[in-house]
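Letters go in sequence order (proteins before strands), and every chain restarts at 1.
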2 protein chains.
Amino acid sequence: MPKQVDYEERRLRIAEAVCALIARSGMEAVSLRDVAAEAEVSMGAVQRCFRTKEDMLLFALEHISQRVSERANQRIAATSTPQSAATLLSHTLAELALLDEESRDQAHVWLAFVSHAPSSERLAAVLQETYGKLHDLVAWLIHYGQDTQEIPQRLDAAQEAQTLLAVADGLTVHVIAGHQCPEAASAVLQRHVDSLLR
Amino acid sequence: MPKQVDYEERRLRIAEAVCALIARSGMEAVSLRDVAAEAEVSMGAVQRCFRTKEDMLLFALEHISQRVSERANQRIAATSTPQSAATLLSHTLAELALLDEESRDQAHVWLAFVSHAPSSERLAAVLQETYGKLHDLVAWLIHYGQDTQEIPQRLDAAQEAQTLLAVADGLTVHVIAGHQCPEAASAVLQRHVDSLLR
DNA sequence: GCGGTTATGATGCAAGTGCATCAGAAAAGG
DNA sequence: CCTTTTCTGATGCACTTGCATCATAACCGC
């Protein structure tokens with residue numbers, strides 16, 4: 001039996017390289033050569049992992065989608081010390097808004113993919129699915145808050161989730177566009193969550 | 001005196017072509033040749049109008065920034081039949097969210113520029129300025145609503161303006177990403193404006 | 001007309017693109 | 001050892017890119 005290679009690991013490594021490149025210099029700066037250099041593999045290796053460039057981008061998007069979702073989910077599951085539903089909600093949303101320094105790259109990448117969704121049906125499908133999951137997550141958190149009496153029953157969880165997600169994404173846009181600093185965005189988000197309570 | 005040409009008009013024509021291309025197939029599909037073809041001028045003409053490609057993109061961004069701002073401002077100024085501050089606010093925001101069919105292209109273009117702002121300081125500057133204007137506009141509208149007693153005095157106009165803008169932009173993102181249809185987004189926006197009244 | 005100025009668009013060019021190809025390296029079984 | 005099979009990375013290729021060049025065309029005051 002001949003040489004065997006862990007393709008999954010390499011794919012991940014390449015996906016990370018793609019994200020780093022997008023974050024650093026935008027999506028149109030992503031070429032197979034640059035990706036290979038960034039991932040410190042040869043171009044041939046990249047081509048072996050992904051049949052086409054689009055496949056590669058798609059995988060990278062799936063990768064960061066998964067990372068974002070997972071991070072939010074863990075934040076909830078790993079709540080050892082039981083927190084109030086309100087803080088859980090606001091922390092989760094702050095995470096989803098990708099405001100902190102170390103998520104900045106992911107925010108760039110995410111936005112880059114959104115803005116290219118109209119030109120690629122496959123990208124659009126992944127985005128749609130991820131947004132669906134995030135919506136369900138936020139809606140669930142609101143329901144939870146209603147169960148603990150922190151959030152008024154009269155509110156429609158699904159509708160409020162849409163608004164909350166929109167606020168989070170809008171703030172991401174504002175930060176990337178330089179219209180707001182992350183701290184101000186964080187405050188706006190917090191204020192809006194607070195307005196749901198009471 | 002030799003041939004004279006209306007450069008301003010041609011620049012606008014080219015800017016429109018750039019926007020059409022971005023909307024149709026994304027920002028990395030914008031090449032000087034394609035722009036020239038779309039604008040139905042020769043490549044030489046494009047090069048004469050803009051020293052570099054970046055200059056061209058910058059002009060295109062300024063163009064649509066101006067269009068969006070102007071449209072919102074006109075909506076307000078041209079209110080012959082005096083409307084309630086509330087409907088004025090919600091209509092203006094619906095316009096800013098670029099939800100209707102004919103603004104869809106502008107939404108794509110806007111988002112494309114935002115996602116490239118990190119790689120170009122000049123683009124970022126234009127975006128920042130435009131966002132500043134839009135914020136002031138929305139804040140003014142809220143103040144106006146407070147003057148007419150439609151919006152509670154206790155609300156901080158500047159803060160609510162940030163949130164409203166974020167909701168609008170977030171919904172734009174959601175529509176482009178295919179997570180919501182324009183009608184649903186419109187409803188979310190309307191609901192959030194309503195929550196400010198009362 | 002004519003001269004002088006400006007605009008035009010075809011062409012050239014070097015660099016970069018995604019993808020295909022293929023001689024050879026590497027590894028594991030015989 | 002050698003064979004067999006997988007993997008590698010350099011190279012080639014056709015194409016596109018942004019930008020520079022320049023002979024020619026278009027124009028207007030004279």
| message | Between the side chains of Glu62(A) and Arg11(A), is the shortest nitrogen-to-carboxylate-oxygen separation below 4.0 Å, so that they form an ion pair? | response | no

Single-linkage hydrophobic cluster, 4.5 Å side-chain cutoff, Tyr131(B) and Leu58(B) together = yes

Heavy-atom nearest nucleotide on DNA chain D taken for Met43(B) and for Val41(A); more 5' hit belongs to Val41(A)

Whole-Å distance, Leu57(B) CG to dC19(D) C1', equals 15 Å

Rounded to whole Å, the CG-C1' distance (Leu32(A) to dA14(D)) equals 16 Å

On DNA chain C, more 5' by nearest nucleotide between Gly44(A) and Ala29(A) is Ala29(A)

note: Glu28(B), atom CD; dT16(D), atom P; distance rounded to Å ~ 16 Å

To the nearest angstrom, the CE-C1' distance between Met56(A) and dC19(C) comes to 13 Å

* Asked: Parallel, tilted or perpendicular: which fits the ring planes of His174(A) and His179(A), with parallel below 30° and perpendicular above 60°?
  -> perpendicular

Could you check whether the side chain of Arg33(A) and the base of dG16(C) have a donor-acceptor pair of N or O atoms closer than 3.5 Å, going by distance alone?
no

Q) Closer than 4.0 Å, any side-chain N/O of Ser31(B) to the OP1 or OP2 of dT16(D)? A) no

Under 4.0 Å, heavy atoms only, any strand: does Arg10(A) hit a base, just the sugar-phosphate, or nothing? sugar-phosphate

When rounded to whole Å, the CD to C1' distance for the pair Gln47(B) and dG12(C) reads 12 Å

Between CD of Glu40(A) and P of dG9(D) the distance, given in whole Å, is 12 Å

message = We want to know whether Thr148(B) and Glu150(B) form a side-chain donor-acceptor pair, criterion being a heavy-atom distance below 3.5 angstrom.
response = yes

Picking from dC7(D), dC19(D), dC19(C), the nucleotide nearest the side-chain atoms of Lys53(B) would be dC19(D)

Give a yes or no on whether the ring-centroid distance for His192(A) and His192(B) is below 6.0 angstrom.
yes

Side-chain atoms of Ser42(A) come closest, of dA7(C), dT17(C), dG9(D), to dG9(D)

With a 4.0 Å cut-off on heavy atoms, is Val30(A) in touch with a base, just the backbone sugar-phosphate, or nothing at all?
-> sugar-phosphate

- Message: Just to be sure I understand the rule, does Phe50(A) reach a base, reach only the sugar-phosphate, or reach nothing, if contact means heavy atoms closer than 4.0 Å?
- Response: nothing

Here the distance between atom C1' of dC7(D) and atom OH of Tyr7(A), to the nearest Å, is 6 Å

Rounded to whole Å, the CZ-P distance (Arg48(A) to dA25(C)) equals 17 Å

Of the listed dG9(C), dT17(C), dT17(D), the closest approach to the Asp34(B) side chain comes from dT17(D)

